[in-house]
Amino acid sequence: MLENATPAQAAAIEHRDGPLMILAGAGSGKTLAITARIARLIGQGVKPYNILAITFTNKAASEMRERVEALVGKTDAWISTFHAMCARILRAHADKIGFTRDFTIYDSDDTRACIKSVMEEMRLGLTTLSPRGCAEIISTAKRKMLPPEQFAAGAFGPIEKAAAKVYAKYEQALHSKNCMDFDDLLLFAHRLLNERPDVLRKYAERFKYISVDEFQDTNSLQYMLARQLACKHKNICVVGDPDQTIYTWRGATLRNVFDFERDFPGAKVVLLEQNFRSTKKILRAASSLISHNEERKEKRLVTNNPEGENIILLEADDELAEAEHIVRLVREFRDEGFALHDVAVLYRVNAQSRPIEEALLQEGVPYALVGAVEFYRRKEIKDILAYLRLVVNPADIVSFMRVVNIPPRGIGAVTVGKISDAASREGITLADVAAGKSKSASFFPKQAQAMKEFADVIEKIRAVQGKPVAEMAMEAVRLSGYQADIEKNKDERTEDRIANIDQLINAAAEYDRGEPQGGLQGFLEHVALVSDVDQWDEKADKVTLMTLHSSKGLEFPVVIVSGLEEGLLPHILTMERSGDTEEERRLCFVGMTRAMKRLVLTYANRRAAAGRYADRLPSRFLSEIPSDVLSMRRPLTTRPPGGRMFRTAGRRDYGDDEFADKTQEPAQSPELLPSDIRFKPGERVRHGHFGAGKILSVQKRGKLTHARIFFDEAGERTVVLEYANLERLED
DNA sequence: GCCGTATAATTTTTT
DNA sequence: ATTATACGGC
């Protein structure tokens, strides 16, 4: 490998001891260099056990592992993301920070759900603060390592003050339920290493050689972790390209790059400036674009590659036409001799994939969608996983709330409220309350029965623990009633849902094969951190579709960057602050520099957003590319404005409805009604959900009795006395 | 009290 | 267009 390396690459690969920073331009072979260096260290007698390599994604981690193992054979080196590494360390030492080793990891959806339920419990008006916004504020605070009290002290304005209160309650909720969110993984790992010298010593001594890839996209907490781990041997190698910083919205900061030289005096700095990937024209276009960033250190990027073809600039009427022309171009490239797997279509937002998918489907061109609605976040997948998570951690409140009434078993919002009240009042888990262990709560017999059945389902799945995870997953699908529910309520999504569940079981079986010792706990962690099935097969002959963000670190002979429009790239939500626009430019730069031989840029004059069409202007980034490397390609065909060639979405069948109605059973009336519904106006009562109030009026309506009640906190409401289970209060 | 339907609100990128 | 919430029915 050294034979073919440039002097700069060789310097990076041959560097052995002491801190090293590789500033590597796009396509300069940085991943190759870092992999070669690790392989060389092992070849020189360094034990893989003493090596830690941090990558940005799990995919990158498994690729690096494959490359290293291809060179030196199977290894027990740690090659993973920061988050996976932290989870591994924390599992081993969970007791030292007040958790147990089977803690649950919340992804961003779980986190939001948890914050939402905390806010509801606090009866906080959702008008000032959305759960989403609150989650964002809390995450930012955590990344700055501000605990709730400190954040509260510095909170400014009503929104931050409210968020600070939620933050404190949320932390409590997570901790008491043995759960952690993504930020906690980093935070607690840092705290553990900081407060326990014995633990720090163990890892700092073990990891004699550390490398961090995509260093430009690490946040300060991650950098601190890396520094802690490198404190003993100081053999840390960081690799990055400031021009490819595209995750500042997640806390990434270039300060790490500047701090590195300060924190590791005498660090060797290697610049990789030769590009081995792209043609001269592609590189000229990308360089010209990125030179428009003002907060940037000038960096050269040169190549000995051929001049290459011009970049195709494609204008389309709307996103449907854009998609059709993309498909047409794909066929042209195939006729030129490119394989389908040579082609990638990149876009700013996942929603852009849909018209492109439809066009590819229409023309019978196979494609692979990377990312998108991540597999493990699909509804039915999360439902099944929630059952499995409850087996491992019965206190997991988010999973409990998620599936306690999925499939519907007659446990609604009010009952759920009672369950969570009882749980926090008595200090027992939600699952305990469902199993009937609460002393203080009272439920209708129907609800109590349903809860018991739910608790039994969890117990029955637990009984299969120890068997392969795939079998447990199958049991969960069956025992939960999910399978029966899907078979009963058939609709147009049924096939998809069944396919997804099959895929989940496949993924579990694959996990069982790869990690026979991992168990359910290991599988759930894998799922929480991996976010997508590692199914993207580069060898399969398919066009690849993915976001610009996910394309980082990859390369393709042919790249089509779509949607170069003002408001989309740069994205509208980033256009207010100029710094953010610079990040969008870097994002565009990342996309363009994925291309080896051919590059296509596309934009549409109109695009549907939120169901409505809006006119679009070409992106400012297009004007920053020299026109002599561009070839304009106008649409070959046009169609009437707004006209659609084929649309299947939104189609509805009404014909079957009346037959469906006949097969439906009549709704069952509750088998038991509270005996005493004789309330009169003026009486004070207590309601399970709305609290205390005064009856204004009572009115018989058919078989049921409606009462108008003024509640002290909830205001005026109408309730049905037969169902409301009111408690009479003395004046 | 739960459930189905009508209405309103919402759109970035990912560990 | 899709998804969360509000409302009314039983």
Side-chain angles (χ1 to χ4, degrees), chain A residues 54-61 80-87 105-109 111 116 126 130-132 139 143 181-186 214 217-219 222 246-252 346-352 354 371-374 377 379 405 408-418 443-444 446-447 450 528-532 546-552 567-575 580 583-584 586-587 590 608-612 647 649-650 664 666-670 672-674 687-689 701-704 706 717-726:
Chain A
I54 304 285
T55 57
F56 191 71
T57 64
N58 291 287
K59 196 188 292 294
S80 74
T81 63
F82 271 109
H83 290 84
M85 174 192 79
C86 290
I105 299 171
Y106 278 171
D107 69 19
S108 35
D109 292 334
T111 298
K116 194 177 162 204
L126 266 70
S130 70
R132 194 192 172 84
S139 176
R143 289 193 302 246
D181 63 23
F182 281 148
D183 297 312
D184 286 341
L185 291 173
L186 305 175
E214 307 286 6
D217 275 326
T218 52
N219 65 33
Q222 291 170 327
I246 54 175
Y247 283 92
T248 58
W249 52 273
R250 219 173 69 187
L346 310 181
Y347 37 77
R348 175 68 235 263
V349 303
N350 279 309
Q352 283 173 260
R354 218 172 117 169
V373 187
E374 290 147 345
R377 293 205 181 155
K379 186 188 175 303
N405 201 32
R409 34 173 87 85
I411 302 174
V414 172
T415 306
V416 166
K418 281 192 206 167
F443 299 96
F444 290 111
K446 181 175 177 168
Q447 271 69 41
L529 295 175
V530 166
S531 86
D532 217 337
M546 68 173 110
T547 63
L548 289 161
H549 280 90
S550 348
S551 76
K552 190 170 79 157
L568 193 57
L569 186 63
H571 197 275
I572 182 110
L573 295 177
T574 67
M575 283 164 68
D580 289 353
E583 178 141 324
E584 296 289 296
R586 291 193 291 268
L587 194 51
V590 166
R612 258 278 165 273
R647 287 296 279 189
Q664 221 150 50
Q668 292 222 324
S669 60
L672 190 123
L673 295 177
H687 185 272
H689 197 66
R701 296 241 301 249
K703 279 182 282 184
L704 302 172
H706 290 229
R717 305 267 176 172
T718 302
V719 303
V720 177
L721 290 180
E722 281 83 354
Y723 297 108
N725 193 28
L726 292 179

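Below, chain A is the first sequence line, B the second, and so on; all start at residue 1. Because the structure is predicted, anything quoted here is derived from the model rather than measured.
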Mind calculating the distance between [atom1] ([X]) and [atom2] ([N]) to the nearest angstrom?
X        : N      : atom1 : atom2 : value
A/Leu548 : B/dT13 : CG    : C1'   : 9 Å
A/Asp181 : B/dT14 : CG    : C1'   : 14 Å
A/Arg132 : C/dA4  : CZ    : P     : 11 Å
A/Lys59  : B/dT14 : NZ    : P     : 12 Å
A/Arg586 : B/dT12 : CZ    : C1'   : 15 Å
A/Tyr247 : B/dT13 : OH    : P     : 10 Å
A/Arg409 : B/dC3  : CZ    : C1'   : 16 Å
A/Asn219 : B/dT14 : CG    : P     : 17 Å

Check: A/Glu214 and A/Thr55 side chains under 4.5 Å, non-hydrogen atoms: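 They are not in side-chain contact.
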Partner of A/Lys552 by side-chain hydrogen bond (donor to acceptor under 3.5 Å, both in side chains), out of A/Thr547, A/Thr57, A/Asp217: A/Asp217
Please tell me if [X] has a side-chain N or O lying less than 4.0 Å from either OP1 or OP2 of [N].
X        : N      : answer
A/Asn58  : B/dT14 : no
A/Asn350 : B/dT13 : yes
A/Thr574 : B/dT12 : no
A/Lys379 : C/dA4  : no

Parallel, tilted or perpendicular: ring planes of A/His549 versus A/Tyr247, cut at 30 and 60 degrees: perpendicular
A/Lys418 versus A/Phe443, closest heavy-atom pair with distance: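 Reported closest heavy-atom pair: CB-CE2, 3.6 Å.
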Among [options], which nucleotide sits nearest the side chain of [X]?
X        : options                : value
A/Ser108 : B/dT12, B/dC3, B/dT15  : B/dT15
A/Gln447 : B/dG1, C/dT2, B/dT15   : B/dG1
A/Arg354 : C/dA1, B/dT13, C/dA4   : C/dA1
A/Arg348 : B/dG1, B/dC3, B/dT13   : B/dT13
A/Thr547 : B/dT13, B/dT15, B/dT12 : B/dT13
A/Pro408 : B/dT13, B/dC3, B/dT15  : B/dC3
A/His549 : B/dT12, B/dT13, B/dG1  : B/dT13

What's [X] touching, base or sugar-phosphate or nothing? Going by heavy atoms closer than 4.0 Å.
X        : answer
A/Ser550 : sugar-phosphate
A/His571 : sugar-phosphate
A/Ile411 : sugar-phosphate
A/Asp183 : nothing

Of A/Val416 and A/Val349, the one whose closest DNA chain B nucleotide lies more 5':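 Mapping each residue to its closest nucleotide by heavy atoms, the 5'-most match is A/Val416.
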N/O donor-acceptor pair under 3.5 Å between A/Asn405 side chain and A/Gly410 backbone: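 Confirmed, A/Asn405 side chain pairs with A/Gly410 backbone.
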Side-chain donor-acceptor pair present, A/Gln447, A/Thr415, cut-off under 3.5 Å: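 On atom types as modelled, these side chains do not qualify, holding no pair under 3.5 Å.
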